[in-house]
Amino acid sequence: MRRKTVAMVAVALVSLTSGCASLQSSATEVGGVRKTDERSVRDGGTITVALNSDPDKLDPTLAQTLVGRTVFAGMCEKLYDIDENGTLVPQLAAALPTTSADGLTVTVQVRPGLTFSDGTALDAEAVATSLLRHRDLPGSARGTELAPARTIEATGPHTVRIVLDHPYVPLTGVLADRSGMVMSPTALKKYGKNFTNHPSCVGPFRFVERVGGDRIVLEKDPHYYDAAKVHLDRVIYKPIPDGNVRLANLRSGDLQIGDQMAPVDVQSALTEPKLQLFNSPSLGYQGIGINVGNVKGLGEKPGKIDTPLGRDVRVREAFELAIDRDLINKVVFQGMYEPACGPISPQSAIAPGVPPQDCPERDVAKAKKLLEEAGVKTPVKIELKTSTTPEQGRVGQVLQAMVKEAGFELSLRPTEYATMLAETDAGKYDVFTSGWSGRLDPDGNVSNFLKTAGAMNAYGLGDPEIDRLIAEGRSVADPAERAGIYDELTRKVQDAHALIYLYRQKNYVVANKNVAGIRVYGDGLVRVTTAGYTR
Amino acid sequence: MTKYLLTRLRQSLITLFLVSMVVFAGIRALPGDPALALAGEERSPEALAAIRESYGLNDNIVVQYARFIGHALTGDLGTSSRTGLPVSDAIAQALPVTLELAALSLLLAVVVGIGAGVVAAVRRGRPEEWLANAIALIGLSIPTFWLGIVLVLGLAIAVPVFAASGYVPFGTDPVDNLRRMVLPAIVLGSGLAAVVMRQTRAAMLDSLSADYVRTARAKGLSRREVIGGHALRNSLVTVVTVLGLQLGHLISGAVVTEQIFVLPGFGKLTIDAVFTRDYATLQAVVLCTSAAYILINLLVDVIYSVIDPRIRLGGAR
């Protein structure tokens, strides 16, 4: 009965806020996972890909944004990549790396005969130069990922040896992302920090020009080793933040591919016969973070937070028990995302822990009882900081309606992104919407967030057991054993109720039907290497 | 005239200097750390420290301001912290887009607004006046974003003659340029056309009942000469004032229109810079907009004296 009441309230709220958008649509209309379209394509032509924001620097060492990774997928290949199934495969490397018995020496074999877009040959020296730059350049966003690498050197024309401070299993996953991108040493030498304006890597397309806020233009790279597989002459990436505008442009034919489409736009797109949909589950998560110990800001020792939620884990548990994840997914995302209750996506290379169907059920009676046991005065007043997107606003409203029944009075404070980061990092919040785009290796989804004084542990979580499990997960090579460690870690994190995982987004990509060969994988990137117009 | 111009130029420079200080301090008063906004999802303490160091964010605000002004005087507006591209390039790319959009909107507003205003005044009490007033009221009341989306859905998708978004420079392909600019110009110009129409109508009504018009009629001048040569010419002083004030709004008010039509102009540059706390871009954009306002005001004053020789500028006896 209660569930029904909440559902009704939530539906009413969302109808009000979303202008009575269709709520009847279900995931079944969207169909299952669809990652590619294998129809044959002809040579030539330009496609335009709409991104949901303007990428930052086009320098793999300094870049920070997900949309930037999509552009890199067109022009900067990596030592390793993931395939359709999320399995690590060699890309610029000749094979997966070999690791010494003690786990301290990793050897990477580089493919021979590769050439950068500026004509420079790619060899082991070039790889070592890039990896060292990723590790050491001031301001590098890759520094933490590559910090365990004590030495990186070319030991042969195509062999790179990496000596680690301690066993570091996530390294291959790390080298399948921007840390594994190899930049032309000639371009690095010539442009230095200004490489961002003249990026040169190995990739199907090479950089032509960038007009800030408007477009990034790439053209087919004749130096690319697999150039025969590349059909398009040009790819243009255009930042179009508004989902409606992206969709309108897809409909008018000005755009061929729309990246990161929201469920509501996907539902509209499905009514258009000339558009098609691709989707893949993501590696990330979305949830809400609770301040349990962030008193002095990030990187500092956790302290005591004097709020009912911060003081008493029972109150946090009650808060979580008042939430119905399925309902959030149905009401806000038309059933098109996945409920989640752990940090590691089932898409991850090692996917242990709790599948969506095992997430704790909503239990208002238990939640009320826990609040009574904790002896707090109800309603417990909490402020939730959300981002300013309409979807996050709706998530907040649904949460508000749900937790009210258990005895919480949730007020919403929509906060602009940069301000929210500053305030939550400084610990000036009760609860905030917290999300992560996800990494292939489970370590990338837990260590910075859950380790005591971790670089992104805005929750102020400090649990020696969790720290131990994170360290173990990084150093144990055996996948089965690792899965066991992350399973235990997930349960510990659930018990702490500091970061309540709510759902996982799916990567929805809408494309014109006359375009095929696009690939949409679990890392959320749109790959256009083999894309083209259908014959 | 020269003396007046020199005085106004001097005042303008002082204004611009004061604006630069207010802008500089105002931007830094925004909540949110630019280093955090830049580092975003993957913020590590080392990366944050390096970003702050590399953009001089650790220095006190006076030092930062002095550095900014020093560089700006040599034409160096800095580097965008987000894209790493020179801000002057970004401005050089955005300026033509916004200027073209403003010019087309202005053209539309002048042609439609003055035309409708004159008709409404001359045909007072007739259906034409009623129609012109109704259209002006609609033009004033429709929110820009709504009109933009309706035009995209109704015209760009249904009639592929118009494009829904994007910009192609006029020099590259004039036809494609106009295909893309007509809808944004209608959106941005509609509100202004309505304002111009109402101003023109009011000023024309005043003029038409003035003694000099009666005299002109008595002299036997044709209706066309009376309306065009006497009444309209005198009415234009008010209209030009309004246009001048509104042109500044056009440049800064292009924000919403540029977002809807994905035009890489000043508005879009400003929004992106605000959200990413891109100080260098933001202060340069705001300064350029302020300079445009100041320049437009100056031009309006000069145009007054051309339209109506009775208006004498400072320095005349």
Side-chain angles (χ1 to χ4, degrees), chain A residues 48 50 53-59 62-66 137-145 147 193-197 210-215 238-242 244-246 248-255 298-299 415-423 425-426 435-437 448 455-456, chain B residues 30-34 36-51 53-54 79-87 89-90 93-94 97 148-149 152-153 156-158 160 162-167 180 258-265 268-269 271-277 281:
Chain A
T48 305
S53 61
D54 195 20
D56 58 339
K57 297 187 180 74
L58 295 179
D59 178 330
L62 302 170
Q64 312 265 6
T65 52
L66 178 65
L137 188 77
S140 167
R142 314 279 90 82
T144 319
E145 285 179 347
K193 264 201 143 178
N194 205 21
F195 180 85
T196 181
N197 299 323
R210 174 174 197 176
V211 177
D214 182 41
R215 63 183 182 271
K238 273 186 97 67
I240 303 183
D242 189 294
N244 276 320
V245 178
R246 256 188 319 222
N249 281 278
L250 280 163
R251 283 189 162 140
S252 73
D254 281 323
L255 292 175
L298 284 188
T415 309
E416 178 267 332
Y417 182 65
T419 311
M420 179 143 103
L421 277 184
E423 290 179 354
D425 282 3
W436 175 237
S437 62
N448 280 332
M456 287 178 268
Chain B
L30 283 177
D33 178 349
L36 263 179
L38 193 59
E41 203 185 39
E42 296 169 76
R43 49 205 190 277
S44 69
E46 300 80 25
L48 290 177
I51 291 169
E53 180 64 35
S54 98
T79 307
S80 159
S81 57
R82 180 167 170 82
T83 61
L85 304 169
V87 172
D89 285 5
Q93 284 160 349
V97 182
I149 288 169
V152 167
L153 291 174
I157 294 175
F162 299 107
S165 75
Y167 180 75
R180 291 166 192 280
E258 287 179 6
Q259 287 291 112
I260 297 170
F261 291 94
V262 202
L263 293 173
K268 201 160 176 307
L269 195 62
I271 292 277
D272 292 348
V274 169
F275 282 123
T276 55
R277 300 294 186 274
T281 305

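Model, not experiment: these values are computed from the prediction. By convention in this document, chain letters (A, B, ...) are assigned in the order of the sequence lines, proteins followed by strands, and residues within each chain are numbered from 1.
- When each of B:Asp272, B:Val97, B:Leu85 is checked for heavy-atom pairs under 4.5 Å with chain A, B:Leu85 comes out on top.
- For B:Arg277, the part lying near chain A is the side chain, with the backbone staying farther off; criterion is any non-hydrogen pair under 4.5 Å.
- Among residues two or more places apart in sequence or in another chain, the salt bridge (charged side-chain N to carboxylate O under 4.0 Å, His left out) test is passed with A:Asp425 by B:Arg43.
- Put simply, of B:Phe275, B:Phe261, B:Phe162, the one with the most heavy-atom pairs under 4.5 Å next to chain A is B:Phe275.
- Interface remark: A:Ser140 contributes backbone atoms only to the contact with chain B (heavy atom separation under 4.5 Å).
- Note that OH of B:Tyr167 is 10.0 Å distant from CZ of A:Arg215, once rounded to the nearest 0.5 Å.
- Of the listed residues (A:Gly299, A:Pro241, A:Gly213), the one with the most heavy-atom contacts under 4.5 Å to chain B is A:Gly213.
- Your options are A:Thr144, A:Val211, A:Ile240, and the one with the most heavy-atom pairs under 4.5 Å with chain B is A:Val211.
- With sequence neighbours left out, the side chain to side chain donor-acceptor pair (under 3.5 Å) criterion links A:Asp254 to A:Ser252.
- Contact check for B:Arg82 versus A:Thr65: side-chain heavy atoms found under the 4.5 Å cut-off.
- B:Thr79 does not touch chain A: none of its heavy atoms, backbone or side chain, sits under 4.5 Å away.
- Expressed to the nearest 0.5 Å, how far CG of A:Leu58 lies from OG1 of B:Thr83 amounts to 8.5 Å.
- The side-chain contact (heavy atoms from CB on, under 4.5 Å) test with B:Val262 is passed by exactly one of A:Leu255, A:Asp242, A:Val245: A:Val245.
- Using a 4.5 Å cut-off between heavy atoms, B:Ala163 contacts chain A through both its backbone and its side chain.
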